[in-house]
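Protein chains get the first letters and strands the later ones, always in sequence-line order, with residue 1 at the start of each.
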Number of protein chains: 2
Amino acid sequence: MATLKDVAKLAGVSIGTASSALNRHSGVKESTRKKVLEAASLLNYRPNGAARDLKTQKTDTIGVFLHDLAGPFYSELIRGIQDVADEYEYATIASRGGKGRNTSWTRLFVEGRVDGAIVLDPTVPDEVIRSTVGPTLPIVLLDRILDVPYCLHVAADHEGGAYEVTKHLLESGIRRIAFVSGPSDSHDSNLRFRGYKRSLEEFGIELDHSLIYRGDFTEGSGALVARAMLSRDDLPGGVFAANDEMALGFIHGCESSDIIVPDQIAVVGFDDIIVASYVNPALTTVRQPMYELGVVAARNLFRTIRGEKDISPVILPTQVIIRDSSKGHVRTFGSVHV
Amino acid sequence: MATLKDVAKLAGVSIGTASSALNRHSGVKESTRKKVLEAASLLNYRPNGAARDLKTQKTDTIGVFLHDLAGPFYSELIRGIQDVADEYEYATIASRGGKGRNTSWTRLFVEGRVDGAIVLDPTVPDEVIRSTVGPTLPIVLLDRILDVPYCLHVAADHEGGAYEVTKHLLESGIRRIAFVSGPSDSHDSNLRFRGYKRSLEEFGIELDHSLIYRGDFTEGSGALVARAMLSRDDLPGGVFAANDEMALGFIHGCESSDIIVPDQIAVVGFDDIIVASYVNPALTTVRQPMYELGVVAARNLFRTIRGEKDISPVILPTQVIIRDSSKGHVRTFGSVHV
DNA sequence: CTGTTAGCGCGTTCAG
DNA sequence: CTGAACGCGCTAACAG
């Protein structure tokens with residue numbers, strides 16, 4: 001690979017001059033700049049990123065850490081992030097967890113290969129974030145709360161969305177509503193449970209612990225819960241699954257047992273994944289503003305990188321999307337029919 | 001940020017010794033290693049990636065460049081790549097195109113921040129690849145063919161899949177089959193067209209140019225084609241859309257005009273995106289082995305990084321998935337009912 | 001076994 | 001306006 005030295009030699013100038021010429025620093029005669037540029041393109045010169053990063057102490061790159069790069073879910077988020085990163089002329093790189101010892105985040109943010117990070121990945125330990133975050137590497141957390149300087153927070157209003165969608169079921173006249181949670185350590189799942197609980201309380205309904213089931217966010221676990229629930233003789237009138245995958249799995253489970261959704265049991269999910277609108281019956285769910293989430297996360301990250309302090313946490317509103325799986329006879333304030 | 005020098009000073013050893021101690025180089029007394037490790041953890045020392053990369057001339061990282069990080073489509077690919085990257089103890093970072101001048105691939109592979117790359121993004125210019133690829137940065141191309149040293153090729157058998165799915169329509173007794181292409185510069189779309197053509201030829205059917213429509217891989221363009229086609233009075237018996245999105249758009253377009261799929265017109269797509277199996281009627285399509293594609297791409301990349309030469313291109317078989325949108329009365333060799 | 005030293009490639013002074 | 005020299009933080013080779 002051609003280095004700056006090679007370019008300088010070919011252009012017949014010193015290495016320092018070559019550098020100034022390439023970086024458009026004023027104070028280089030036009031004719032010599034021409035020579036340098038020519039030499040550079042002739043040698044197919046590419047500046048070495050590592051060397052530059054080392055010298056300038058910055059990378060002009062931000063990292064996005066996701067548990068899984070799957071789905072339009074994350075894709076929209078990344079689009080939002082990247083749109084503002086482009087604006088700031090930063091590159092964006094995304095990475096997943098990975099198994100081995102020193103992978104992804106170790107290499108990327110622990111070793112300082114990015115100037116900032118956005119994290120939505122429960123597998124990244126709190127401790128790693130705590131010991132890495134700082135003025136030189138601010139981090140935006142989308143999946144948890146950590147009260148540490150330079151740790152910013154942006155999230156959708158999980159609790160509010162859960163509250164609204166539960167209310168939607170209640171207003172349809174359903175009183176016994178089951179809840180299918182995600183993993184117990186999922187912050188989001190817990191918030192959704194809180195919204196569910198608050199809604200019930202508001203309607204004066206006592207929490208029935210026998211109606212709380214635990215899933216793991218997968219379609220399979222939803223089907224399992226369906227099997228368990230349908231074996232009881234007191235079928236609830238509605239089910240709120242903490243995410244769409246489980247809701248879909250639950251519906252499949254009902255089909256296998258010839259239980260009709262929504263006639264015999266209403267089902268609602270959370271996230272509004274793409275297939276939610278295609279499935280039959282179409283799934284009532286809560287939509288998170290993923291693109292906006294990405295935009296806000298990135299914007300706050302850059303503000304911090306630029307030196308701004310005391311940026312307060314942001315919570316973006318969610319939206320109930322009423323479809324067939326919950327009948328949808330009742331319209332809730334702020335909700336939308338699709 | 002604490003540097004190696006700080007650690008050395010605190011531990012009361014030289015900087016070189018500290019380095020050896022931390023890198024588990026043999027030949028350091030156990031007691032001094034202890035001291036160094038303690039000092040390091042006390043200072044929360046993190047090696048600086050840029051400095052190490054500069055020195056060692058490698059990054060232990062590979063880059064994956066996608067046009068869009070959307071969908072389970074790419075997600076499976078990345079999973080495949082990352083699984084073998086983990087095996088080789090390399091980090092994997094993914095990146096999209098991005099707008100600005102010096103974003104993503106400029107910074108990542110032009111400036112040498114990765115040891116190898118896998119590209120599935122038509123917006124990365126051939127020229128960039130040509131001038132960057134080399135012994136120090138091998139590249140696997142998934143979306144095009146470039147006859148350049150250190151440029152590897154892995155792809156699904158687009159032509160074969162298209163051939164088979166067209167044959168499936170022909171064997172159902174359909175003779176007039178329309179083709180909806182993607183953008184004209186899409187290598188994949190062109191290959192799929194070739195398969196379509198070959199299948200027709202084999203059945204002794206002449207290519208009818210009035211049955212060739214151009215889309216752009218979006219659902220909207222599929223709907224547009226439907227509108228255009230249905231305004232004719234000689235509706236073909238079947239349509240092969242070069243991807244699933246367009247096939248779905250086409251089906252929606254048919255619904256709007258009260259044309260029944262598959263009774264009046266059979267529709268098949270390509271890719272087997274998730275919703276293909278959820279939509280009504282479920283879409284007959286061709287599945288690409290995305291996970292395997294990722295595995296093979298990554299494995300060949302690492303073999304090249306390890307110095308192996310002359311790795312030949314790989315073409316992985318595709319699979320016809322017969323569903324309702326094409327009736328599916330006929331079974332084709334190698335195809336599967338889902 | 002440990003300390004010293006020389007770069008990796010680049011950007012940035014500071015003399016000339 | 002240009003060139004020489006220094007150092008970013010680290011590893012590796014070589015002395016001691």
Nucleotides bounding contact with chain A, strand DNA chain D, heavy-atom threshold 4.0 Å: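 On DNA chain D, the outermost contacted nucleotides are D:dC1 to D:dG9.
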Would you call [X] and [Y] a salt bridge, taking side-chain N to carboxylate O under 4.0 Å as the test?
X        : Y        : value
A:Glu127 : A:Arg130 : no
A:Asp53  : A:Arg113 : no
B:Glu111 : A:Arg52  : yes

Classify [X] by what it touches in the nucleic acid, base, sugar-phosphate, or nothing, heavy-atom distance under 4.0 Å.
X       : answer
A:Asp53 : nothing
A:Thr32 : sugar-phosphate
A:Arg46 : sugar-phosphate
B:Lys29 : sugar-phosphate
A:Leu4  : sugar-phosphate

Would you check if there is a donor-acceptor pair between the side chains of [Y] and [X] at a distance under 3.5 Å?
X       : Y        : value
A:Asp83 : A:Tyr291 : yes
A:Asn48 : A:Arg46  : no
B:Ser14 : B:Thr17  : yes

What is the first contacted nucleotide of DNA chain C and what is the last, in 5' to 3' order, if contact means an atom lying under 4.0 angstrom from a heavy atom of chain B?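 Taking any atom under 4.0 Å from a heavy atom of chain B, the span is C:dC1 to C:dG9.
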If you pin B:Ile15 and A:Ala51 to their nearest nucleotides in DNA chain C, which one's is more 5'?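 Nearer the 5' end of the strand: B:Ile15.
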Between A:Ser19 and B:Gly12, which is nearer to the 5' end of DNA chain C once each is assigned its nearest nucleotide?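 Whichever sits nearer the 5' end wins; that is B:Gly12.
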Got A:Leu141 and A:Leu152 here, is their nearest side-chain heavy-atom distance under 4.5 Å?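 Sidechains of A:Leu152 and A:Leu141: no contact.
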Residue pairs fulfilling ring-ring contact (aromatic ring centres under 6.0 Å, His included) with at least one residue in residues 113-133 of chain B, sequence neighbours excluded: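 Sorted result for residues 113-133 of chain B: empty, none.
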Is it the case that over 12 heavy atoms from other parts of the model lie below 6.0 angstrom from the NZ atom of A:Lys35?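 Result for NZ/A:Lys35: enclosed.
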Terminal axes of the helix from C:dC1-D:dG16 to C:dG16-D:dC1 (five pairs each): angle between them, nearest 10 degrees: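 The helix from C:dC1-D:dG16 to C:dG16-D:dC1 shows an end-to-end axis angle of 50°.
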Pairs in or reaching into residues 299-308 of chain A: which pass salt bridge (Lys or Arg N to Asp or Glu O under 4.0 Å), with residues at least two apart or in two chains?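 For residues 299-308 of chain A: A:Glu87-A:Arg299, A:Arg303-A:Glu308.
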Pairs involving residues 134-144 of chain A, ordered by first then second residue, that meet side chain to side chain donor-acceptor pair (under 3.5 Å) (sequence neighbours left out):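 Passing the test, one end in residues 134-144 of chain A: A:Asp126-A:Arg144.
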